[in-house]
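One-based numbering, in listed order, for ligands and for the atoms of each.
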Amino acid sequence: MDLTHRPRRLRQDRVRELVSETSLEPTDLIAPVFVDATTKERQPIESMPGHERVPIEDSVARVEEVLETGVEAVMLFGIPKSKDAKGTRAWAEDGVVQEATRRITAETDAYVITDVCLCEYTEHGHCGTLEPGIRETETGSREDPSLTVDNDATLDSLRRTAVSHAAAGADMVAPSSMTDGMVGAIRDELDDEGFDDVPIMSYAAKYESAFYGPFRDAADGAPAFGDRRHYQMDPANAREAMREVELDVEQGADVLLVKPALPYLDIVADVRREFEQPVAAYNVSGEYAMLHAAAEKGWLDLEETARESLLSIKRAGADLILTYFAEDIAEQLR
Ligand SMILES: [Zn+2]
């Protein structure tokens with residue numbers, strides 16, 4: 001047998017690290033943190049084992065826990081003390097994210113990224129202002145089956161929200177609503193208000209995915225009626241993602257995010273290939289919950305599958321990964 005090519009030569013123990021193409025570092029990871037203005041105590045999130053909603057008073061302590069693992073960045077999500085039709089608490093100076101951001105940036109070295117969206121702040125749970133004439137009915141259905149959110153009216157709310165986060169000290173803002181024109185509107189407003197050094201991580205390709213289920217438990221942001229398929233992307237579409245991303249790049253997006261991650265690695269790879277900006281991927285709550293559920297049954301090894309998942313997301317082309325595994329994996333890596 002004369003085999004010239006034996007790839008197994010480079011899989012031996014002392015050389016495999018030398019030829020490894022992809023590495024995972026704690027500094028690649030961003031840990032989502034849920035701050036809840038309606039509670040005085042930490043509340044476990046049932047469908048996301050190990051994660052909690054924390055009161056504003058505990059936000060600094062929560063972020064310090066993250067930093068101890070070697071993860072240096074957090075993404076803040078807020079649960080406001082009250083909701084209304086427009087989601088006005090999203091841009092309140094004393095809002096939940098604003099308060100938490102002020103405390104965290106004053107007392108820690110964490111890099112604070114804030115979620116800019118309205119769905120946690122509107123009583124109907126949609127990512128913006130509803131179009132006139134669309135109302136919830138007794139049966140929970142919509143009177144008008146066409147669009148749910150008034151795109152252009154929502155831009156104003158997003159502008160105000162992003163600037164209020166920057167004013168509170170946010171290092172980066174992350175608009176997640178898939179509102180057309182959101183990146184440009186936010187960039188203009190940030191620049192006008194003197195925050196031209198605050199980057200925007202745009203949820204450039206966000207799919208209408210069934211993998212978000214557990215997050216809606218965590219952030220209390222499930223739509224009261226209908227769904228988000230009129231503003232989030234159709235899981236069937238890949239070329240459309242390139243168009244979405246291109247629009248955000250033209251509007252000044254600094255970091256391009258794909259969400260979810262594992263079922264959309266082709267999109268991560270496409271964005272990596274087609275654009276120069278850093279690519280982020282959101283390893284979402286359902287991707288986290290399913291590994292936990294299988295591990296609980298003894299069917300999968302949690303640490304191994306979690307690490308392999310994150311490695312595959314990096315291999316596909318993501319520079320940074322938002323993940324509920326951030327702390328666990330960072331501790332493993334150390
Ligand atoms: Zn939203």
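Within 6.0 Å of CG on Asp196 lie more than 12 heavy atoms contributed by other residues, nucleotides or ligands. The environment of Arg9 atom CZ is dense: over 12 non-hydrogen atoms of other residues, nucleotides or ligands sit within 6.0 angstrom.
Looking at Asn283 and Pro260, their side chains never come closer than 4.5 Å, going by heavy atoms from C-beta outward.
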Should Leu29 and Leu320 be marked as a side-chain contact (heavy atoms from CB on, under 4.5 Å) after you check the CA-CA gap, both sets of side-chain angles, and the distance that decides it?
CA-CA 6 Å; Leu29 308 176; Leu320 37 150; over 6 Å; no
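Under a cutoff of 6.0 Å and an axis angle of 45°, Lys206 and Tyr282 do not form a cation-pi pair.
Hydrophobic cluster membership for Met182: Trp91, Val116, Leu118, Leu155, Leu158, Val163, Val173, Val183, Ile186, Leu190, Phe195, Val198, Ile200 (Ile, Leu, Val, Met, Phe, Trp, Tyr linked by side-chain heavy atoms under 4.5 Å, directly or transitively).
Within a radius of less than 2.8 Å around the Zn ion (ligand 1), the protein N, O or S atoms are Cys117 SG, Cys119 SG, Cys127 SG.
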